[in-house]
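Note sheet for the following structure.
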Amino acid sequence: MRRVGAFLIAAILVAASAWFWAPPVWRSWRRSRIQARPFPAAWREVLRRRMPAFARLPADLQLQLKKQVQVLLAEKPFIGCAGLAVTDEMRVLIAAQAALLQLNRHAGGFPNLRQVLVYPGAFVVDRETPGAAGLVHDERRVLAGESWHQGQVILSWDDVLAGAADPADGQNVVIHEFAHQLDSETGPPNGAPLLGRRERYARWAAVLQGAYDDLQRRLAQGEDSVLGAYAATSPAEFFACASEAFFELPAALAAEQPALYRELAGCYRVNPLSW
Ligand SMILES: [Zn+2]
């Protein structure tokens, strides 16, 4: 019995040290220290003035969102482009809207994201291979935003402000581009983000394909859709546009596509209908 006990103790020690040294443990320890800091009053003021969606969140999700903002600002560089000097207001407003996608997803933090580039307004990028694998760019607002599979989000500050100012118009470039980043965590964007348990993917694929086909049919017949025509351009754009509708037009989306709404609620682990 004593020898079995020694093996057991050794196994526990190995397991404990592996647990302690594993990078995720260090990361979560570092994050918990960041989240223990007070949330600066100036940042709270940005949320109050610039992001009406924040006030509508339940108190526990407001707290979660602020902690996510602290982590994103500590971990991700924000880089100004075309002469823009990035301010705390910009960083907080972008991170806070991105954090909507991370509520209740505790493993989050956009692990693939390396940097956020911010232009003062709509931007144009010359590129030899437009539409290269892994790139999804959004020209409906004359390049309001872009997401690169390699870990970059590019945003127009004018469009970030406009997206935050009206939280119920279904247009939010930050939600859109960061949804592409979630989609990129599983490979080149294809409309299938990480969902957790393996058995969930088959239902996700069936529901999203059904909703995508329904959107194509509606557009072909000249009908309106809460998802908009841009969502019909590819499965990746469908997921990003559906994410905008989920957070900004939940009642309309749930009425038009109840199964899609349920899948998105499972993916994002929140229910904006109740906010
Ligand atoms: Zn897009």
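Any value given below was found using the heavy atoms of this structure, including those in side chains, with hydrogens, waters and symmetry copies removed. In listed order, ligands and their atoms are each counted from 1. Every value quoted in this text rests on a predicted model; they were computed, and no experiment measured them.
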Note to self: I'd like to know if the side chain of Lys76 reaches the main chain of Leu113, judged simply by a donor and an acceptor atom lying under 3.5 Å from each other, with no hydrogens or angles considered.
What the structure shows: yes

Checklist line | Closest His180 atom to the Zn ion (ligand 1) [N, O or S only] | finding: NE2

Notebook entry, point to check: Between Arg27 and Glu75, is there a salt bridge with N-O shorter than 4.0 Å?
Noted result: no

Check: Backbone N or O of Gln68 within a donor-acceptor pair of the Gln102 side chain at under 3.5 Å?
Finding: no

Check: Of all the N, O or S atoms in Glu237, which one sits nearest to the Zn ion (ligand 1)?
Finding: OE1

Next item on the list: Please determine if the Zn ion (ligand 1) has an N/O/S atom from Cys241 lying under 2.8 Å away.
Entry: no

Note to self: Take a 6.0 Å sphere around CG of Asp224 and say whether it holds more than 12 heavy atoms from other residues, nucleotides or ligands.
What the structure shows: no

